[in-house]
**Student:** 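Following this message is one structure expressed as structure tokens.
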Amino acid sequence: MKAYNPLEIEPRWQKIWAECGQDKVREDASKPKKYVLEMFPYPSGDIHMGHVSNYTYGDVLARFARMQGFDVLHPMGWDAFGLPAENAAIKHKSHPAKWTYANIDTQQASFQRMGFSYDWDRKVVACDPEYYRWGQWIFLKMWERGLVERRNSPVNWCPDCGTVLANEQVIEGCCWRCHHEVEKRDLTQWYFKITDYAQELLDDLDQLTGWPDRVKQQQANWIGRSEGANVDFILCDKEGNAPAEPTDDDIITVFTTRADTLFGCTFFVLAPEYRDLPEMVAGMPNEQAVLDLIEAAKKITAVERAQGDHEKHGVFTGRYVVNPINGEKVPVWVADYVVADYGTGAVMAVPCGDQRDFEFAKKYDLPIVPIILEEGDPLFSQLNGVQERIVTSVDWGEAMEAQGILVQSGPYTGMVGGKHSPGEDAVVQALEDMNRGHRTVEFRLRDWLISRQRYWGNPIPAIHCPTCGVVPVPEEDLPVRLPEDIDLAAGETLATHEGFAKCTCPKCGGEARRETDTMDTFTCSSWYYLRYTDPHNDTAPFDSARANRWMPVDQYIGGIEHAILHLLYSRFFTKVMRDMGLLDFDEPFTNLLCQGMVLDANGEVMSKSKGNVVSPEEMIAGYGADAVRATMLFMGPPDKEKLWSEDGLAGMFKFLNRLWRIVCDLVGKADDKTLYDASAAAEGAHANAMAMKRERHRVVGKVTADIERNNFNTALAAIMELANTTAAFLRLKPAEHRLNCENGGPLCRDVAESIVKMMAPIAPHWAEELWHDVLEGEGSVHDQPWPTFDPELAKADEVELAVQLNGKVKGRITVAADADEDTIKQAALDNVAALTDGKTIRKVIVVKGRLVNIVASA
RNA sequence: GGGAGCGUGGCGGAAUUGGCAGACGCAGCGGACUUAAAAUCCGCCUCCUUCGGGAAUGUGGGUUCGAGUCCCACCGCUCCUACCA
């Protein structure tokens, strides 16, 4: 018998498959399509165990789909732009492309050693001009549609490095690389207007029935739709007098979801970044204090805000506004707990109904007026029904944010208040009637800031002309190529690279400057899945007919860390391109599988600093890729965390050896005619063979269903059960499985073939070698039809049922599989007759194929 | 603060969605083969037990003929997100 030697067979089959184009997309329109896609990796060094798990799931599903008769698209590429490449280039005084392409080669070789069935002719690399060219094209088309905007906004700026930093790159107020203090700077940046699609991005989550709920929930929270009202407050002049005839300039609008609490508004707060603030305080006594607070707020970073103890700082501006609902004059403060870019950047503060306002009021000793109470509150009887306004300061432990009854709220006193309450509705109605407010919807989602002052990204195709303004690069001039002769280590940037920055205006032909910002790398990953459908197209990003045939992606697989940004941006791009008439579907990914992290045996994250990183290459070298794949699949459900242990790998290697021997034994038996002497068959031999056959059909049915549900671990467990049954069958003495000459050989062969085919997606080299050399099959095992199964044949003639007495198992009966209920009842009653003697049988419940429960009492 | 999820043997995990808890595997223990070891094969493997049984799916209650699964409360853990008015 030939021994299993993965280190010999794996490279051999990988070479043969590559030479014969085994993994190429067939583009066979006669078959139904299936697009299986795993999120493309960032080329940072070699692959790790997380890649191995992610891409193994995808490969199993792709191979399984092909055997099930689908025309399968299963591509791979690299998300190749980004900061790590630039940093590596600076460190090694080389070019980002060098580092990037070297890593891509390393990773691709590792993927090939894992036996992943990618069509490498469709490889997409994001930093390839033939790819990013079309990213620029999409940018221009979005610009034409009004979805691109340039606008001024405060961004994180490191004066030492001379660049903008992402929020994540600012650590405790300092640059992550040079530790210089980061400033907020107003810079003109490029934005994609994703907020135009906020409502549809939210609504269409309902279509995504194949997505995990938690991902949809996260997206919904991120989009953050909030129904409320805009309320207009009237700004008093610097002497504190309300204008007799307020104009639009005298109005400061706030957004609130709690208009019902308007009577409890005791002060008013502006964000430090509020646009008109410096002008509002000019010449006021508190001017300097306000300006200091504005400066201090600039230094507070997103990281600090998230980690800090939420200590609120504020200053009275000296100005007042008039509350439109009751004409009361309240002081205007500026405080760093109000964010500038949500709502209007101004807030009506109701300390009794909002915890943040409450804390702020306590800190600065501002009045807290109760206007909403629970009915049981001691104050309730005192204030309920009192029409005139009694300003009663209270000192509660916390604000009352739940629903309650409105008190001392003018005509609304006694109504139910809260979010979406009758009280809220009535107040908004009143504001609308007096033309001091209206219903509106706010989204948390912000427009997508896509410009980066970085070299290693996709250049924004725009030109700044002193006479024509900002002009798009004409389509025929695409791609705007990144210059290769740049010395990043010496501090050169696109802006200082004259060969790149200097250009002529496409409109007037005059001297002009090229835009030197590049696009956020998330723009590259927002449409790569479309490029795979037509990767070599040099007249368009893709052919619509091809994209419409393959899309949407039937199964998308990747890490949960992309639950918001990547998936949201991709959904946005898809909808935009649909509206451009390029695509005829609404959502890019039908089914989403978010895999869990791979941790070490102690449940710890693998990291270089901890020294617990497991190298996939070492595992392949020790046990073969097939064992690594199978181990990964067997560890548990794909969406849960997995604890990697080499013991598990060694165990799986043993199993592959054992199953190999079982297949060889089966084929040996199938071919040995001397074993099938019907005349010498022992009693029970037929039953043994039928049991074997039954198990084969049961297991094929289970494995098929399990893979379809992504339950790879239980699919493998079922194959192990079949292995155990088969091993026991093979151990029988010859006479015990002699059944008859016609069926014995074919049965052994059928079991062997079924095992090899079911293992093909899991252990592709192992299966191919057995298919080719032991079963002597035609072609590749990966082109064979998936084994069929007959549910009828999987059924046993007799079933064993548990007999319960009042829910506790007391006995067992064996009945014919098709026995009627009365027969089963009687058999069960007979079985436990001794125990029910003298008791009253109240009820007998029969659960077919499982158990009988007898309810009896004394 | 908000959201999502989880809790089952020494360990990873099963349980057809309300029907015999612990499939399958790892580790461990015993045996066979072997001069010996490795490999392989077979068996045992939740806990307690007076060997009749009894208890058990984080804790306590509830619904049900029947609960790991559904409901309520509590305890513990994980992830995401966050001054969103």
Side-chain angles (χ1 to χ4, degrees), chain A residues 212-218 220-222 224-226 228 254-258 261 269 271 300 302 305-308 310-312 335-339 341-350 353-357 359-360 398 401 442-446 560-561 563-564 596-597 601 603 631 634-637 639-652 654-655 657-658 661 701-702 705-706 709 711 713-721 723-724 727-728 731 800-812 842-856:
Chain A
D213 287 338
R214 62 182 167 146
V215 174
K216 288 190 279 186
Q217 189 66 50
Q218 279 184 48
N221 288 346
W222 188 262
R225 186 179 197 274
S226 181
V254 297
F255 172 74
T256 179
T257 55
R258 294 294 305 278
T261 63
V269 196
I300 298 177
R305 285 188 173 202
Q307 292 175 345
H310 302 193
E311 179 74 21
K312 296 168 174 51
D336 54 13
Y337 77 95
V338 175
V339 294
D341 62 355
Y342 182 76
T344 60
V347 167
M348 62 175 230
V350 183
D354 182 283
Q355 187 61 23
R356 293 154 303 177
D357 297 344
E359 283 166 14
F360 191 80
E398 56 183 19
E401 293 185 333
E442 271 293 326
F443 290 95
R444 220 185 73 108
L445 183 69
R446 301 271 70 93
I560 186 74
E561 67 274 17
I564 297 174
M597 294 247 287
T631 305
F634 191 59
M635 278 191 307
D639 54 343
K640 285 218 185 132
E641 285 179 344
K642 290 157 284 263
L643 306 185
W644 177 265
S645 91
E646 201 168 332
D647 285 346
L649 178 60
M652 189 56 72
K654 280 186 199 170
F655 172 70
N657 273 288
R658 175 165 181 250
R661 287 190 297 272
K702 173 147 178 66
D706 281 353
R709 292 186 302 159
N711 287 356
N713 55 333
T714 51
L716 248 169
I719 295 173
M720 288 170 177
E721 286 176 51
N724 292 341
R731 269 202 308 280
E800 194 187 60
L801 304 180
V803 181
Q804 293 184 334
L805 188 59
N806 295 330
K808 303 230 174 211
V809 179
K810 294 291 177 187
R812 312 194 156 269
R842 302 201 168 275
K843 215 189 226 180
V844 180
I845 292 144
V846 177
V847 183
K848 282 248 165 116
R850 304 211 171 273
L851 55 76
V852 183
N853 189 16
I854 295 165
V855 186

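In what follows, every chain begins at residue 1, and chains take the letters A, B, ... in the order their sequences are listed. Keep in mind it's a predicted model, so treat the numbers as computed, not measured.
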**Student:** So, is B:U17 syn or anti if syn means the angle is within 90° of 0?
**Tutor:** syn

**Student:** Ignoring hydrogens and angles, answer whether the base of B:C6 and the side-chain atoms of A:K640 contain a donor-acceptor pair closer than 3.5 Å.
**Tutor:** no

**Student:** When the P atoms of B:C42 and B:A4 are compared, how many Å lie between them, rounded to an integer?
**Tutor:** 49 Å

**Student:** Judged by each residue's nearest nucleotide on RNA chain B, which is more toward the 5′ side, A:M635 or A:D706?
**Tutor:** A:M635

**Student:** Using atom P in both nucleotides, what's the gap between B:G61 and B:G68 to the nearest angstrom?
**Tutor:** 15 Å

**Student:** Touch check for A:K654, heavy atoms < 4.0 angstrom, all strands: base, sugar-phosphate only, or nothing?
**Tutor:** sugar-phosphate

**Student:** Which is it for A:L716 and A:M652 under the side-chain contact (heavy atoms from CB on, under 4.5 Å) test, yes or no, and what are the steps along the way?
**Tutor:** CA-CA 10 Å; A:L716 248 169; A:M652 189 56 72; 4.2 Å; yes

**Student:** At 4.0 Å (heavy atoms only), tell me whether A:R812 reaches a base, stays on the sugar-phosphate, or touches nothing.
**Tutor:** base

**Student:** Taking any heavy-atom pair under 4.0 Å as a contact, classify A:E641: base, sugar-phosphate, or nothing.
**Tutor:** sugar-phosphate

**Student:** Reckon A:T714 has a side-chain N or O less than 4.0 Å from the OP1 or OP2 of B:A23?
**Tutor:** no

**Student:** What is the nucleic acid contact for A:K810, judged by heavy atoms within less than 4.0 Å: base, sugar-phosphate only, or nothing?
**Tutor:** sugar-phosphate

**Student:** Rounded to whole Å, please give me the gap between CG in A:L716 and C1' in B:G12.
**Tutor:** 14 Å

**Student:** May I ask you to check whether A:R658 and A:N724 show a side-chain donor-acceptor distance below 3.5 Å?
**Tutor:** yes

**Student:** Mind checking A:P212 for me? I need base, sugar-phosphate or nothing, with any heavy atom below 4.0 Å counting as a touch.
**Tutor:** nothing

**Student:** In whole angstrom, give me the gap between the C1' atoms of B:U69 and B:G58.
**Tutor:** 16 Å

**Student:** Closest approach to the side chain of A:W222, judged atom by atom: which nucleotide of B:A14, B:A82, B:C83 is it?
**Tutor:** B:A82

**Student:** What are the two closest non-hydrogen atoms of A:A349 and A:V269, and how far apart are they?
**Tutor:** CB-CG2, 4.0 Å

**Student:** Identify, with sequence neighbours excluded, every residue that meets salt bridge (Lys or Arg N to Asp or Glu O under 4.0 Å) alongside A:E800.
**Tutor:** A:R812

**Student:** Which part of the nucleic acid, if any, lies within reach of A:D357 when heavy atoms closer than 4.0 Å are counted: base, sugar-phosphate only, or nothing?
**Tutor:** nothing

**Student:** Give me syn or anti for B:G66, where syn covers glycosidic angles within 90 degrees of 0.
**Tutor:** anti

**Student:** Which way is the base of B:G25 turned, syn or anti, if we draw the line at 90° from 0?
**Tutor:** anti

**Student:** Looking only at side-chain atoms of A:I845, point me to the closest of B:C24, B:A85, B:G19.
**Tutor:** B:G19

**Student:** How are the rings of A:F360 and A:Y337 set to each other: parallel, tilted or perpendicular (split at 30° and 60°)?
**Tutor:** tilted

**Student:** With side-chain contact (heavy atoms from CB on, under 4.5 Å) as the test, would you mind laying out the steps for A:I854 and A:Q804 before giving the verdict?
**Tutor:** CA-CA 6 Å; A:I854 295 165; A:Q804 293 184 334; over 6 Å; no

**Student:** Between B:U8 and B:A56, how far is it from one C1' atom to the other, in whole Å?
**Tutor:** 10 Å

**Student:** CG of A:D341 versus P of B:C83: gap in Å, rounded?
**Tutor:** 10 Å

**Student:** Distance-only, no hydrogens or angles: does the A:N711 side chain make a donor-acceptor pair with backbone N or O of A:T714 under 3.5 Å?
**Tutor:** no

**Student:** Any sub-3.5 Å donor-acceptor pair from A:E442's side-chain atoms to A:G228's backbone N or O?
**Tutor:** no

**Student:** Once you round it to whole Å, what is the distance between P of B:G13 and CG of A:D639?
**Tutor:** 11 Å

**Student:** Pairs counted only when both distances fall under 3.5 Å, Watson-Crick or G-U: show me the 5' to 3' dot-bracket for RNA chain B, [ ] for pseudoknotted crossings and | for other-strand partners.
**Tutor:** (((((((..(((......[....))).(((((.......))))).(((....)))..(((((..]....))))))))))))....

**Student:** Compare side-chain N and O positions of A:R661 against OP1 and OP2 of B:C41 and report whether any pair is under 4.0 Å apart.
**Tutor:** yes

**Student:** A:E800 near the nucleic acid: base, sugar-phosphate alone, or nothing, with a heavy-atom cut-off under 4.0 Å?
**Tutor:** base

**Student:** If the cut-off is 4.0 Å, is A:N713 near the phosphate of B:A14, judged by side-chain N/O to OP1 or OP2?
**Tutor:** yes

**Student:** Output the single nucleotide from B:A23, B:C84, B:G25 whose closest atom is nearest the side chain of A:R356.
**Tutor:** B:C84

**Student:** Can you tell me how far C1' in B:C48 sits from the matching atom in B:G25, rounded to whole Å?
**Tutor:** 27 Å

**Student:** In whole Å, what is the span from the CE atom of A:M720 to the C1' atom of B:C26?
**Tutor:** 10 Å

**Student:** Tell me which of A:G651 and A:T256 sits closer to the 5' end of RNA chain B, going by the nucleotide each one is nearest to.
**Tutor:** A:G651

**Student:** What's the gap between B:G76 and B:A21 when it is taken at their P atoms, as a whole Å value?
**Tutor:** 31 Å

**Student:** Would you kindly give the CD-to-P distance between A:Q217 and B:G5, to the nearest whole Å?
**Tutor:** 8 Å

**Student:** Measuring from A:R444:CZ to A:D341:CG, what's the distance to the nearest 0.5 Å?
**Tutor:** 10.0 Å

**Student:** What closest approach, in Å, do A:N853 and A:G807 show between heavy atoms, and which atom pair accounts for it?
**Tutor:** OD1-N, 2.9 Å

**Student:** A:N853 has an atom CG; how far is it from atom C1' of B:G66, in whole Å?
**Tutor:** 6 Å

**Student:** Got a donor-acceptor pair under 3.5 Å from the side chain of A:D647 to the base of B:C26?
**Tutor:** no

**Student:** Would you mind telling me which of B:A23, B:G19, B:G12 lies closest to the side-chain atoms of A:E721?
**Tutor:** B:A23

**Student:** Could you tell me the separation between the CD atom of A:E401 and the P atom of B:G1, rounded to a whole number of Å?
**Tutor:** 11 Å

**Student:** Please work out if A:N657 contacts a base, only the sugar-phosphate, or nothing of the nucleic acid, heavy-atom cut-off 4.0 Å.
**Tutor:** nothing

**Student:** Respond yes when some side-chain nitrogen or oxygen of A:R214 is under 4.0 Å from OP1 or OP2 of B:C80, and no when none is.
**Tutor:** no

**Student:** Look at A:Y337 and B:A85 and indicate whether a side-chain polar atom (N or O) is within less than 4.0 Å of OP1 or OP2.
**Tutor:** no

**Student:** For the pair A:K642 (side chain) and A:G596 (backbone), establish whether a donor and an acceptor sit closer than 3.5 Å, ignoring hydrogens and angles.
**Tutor:** yes

**Student:** Quickly work out the A:K216 NZ to B:G5 P distance and round it to whole Å.
**Tutor:** 12 Å

**Student:** Of the candidate nucleotides B:A14, B:C41, B:A82, which contains the atom at the shortest distance from the side chain of A:R444?
**Tutor:** B:A82

**Student:** With rounding to the closest Å, how many angstrom separate the C1' atoms on B:G52 and B:U63?
**Tutor:** 34 Å

**Student:** Of the listed nucleotides (B:C65, B:C41, B:A85), which one gets closest to any side-chain atom of A:R658?
**Tutor:** B:C41

**Student:** Using atom P in both nucleotides, what's the gap between B:C70 and B:C20 to the nearest angstrom?
**Tutor:** 16 Å

**Student:** Using the side-chain heavy atoms of A:P637, tell me which of these nucleotides is nearest: B:G13, B:A85, B:C65.
**Tutor:** B:G13

**Student:** Grab the two heavy atoms, one from A:D639 and one from A:R214, that are nearest each other, plus how far apart they are.
**Tutor:** O-NH2, 4.0 Å

**Student:** Report which part of the nucleic acid A:K808 touches: base, sugar-phosphate, or nothing (heavy-atom distance under 4.0 Å, all strands).
**Tutor:** sugar-phosphate

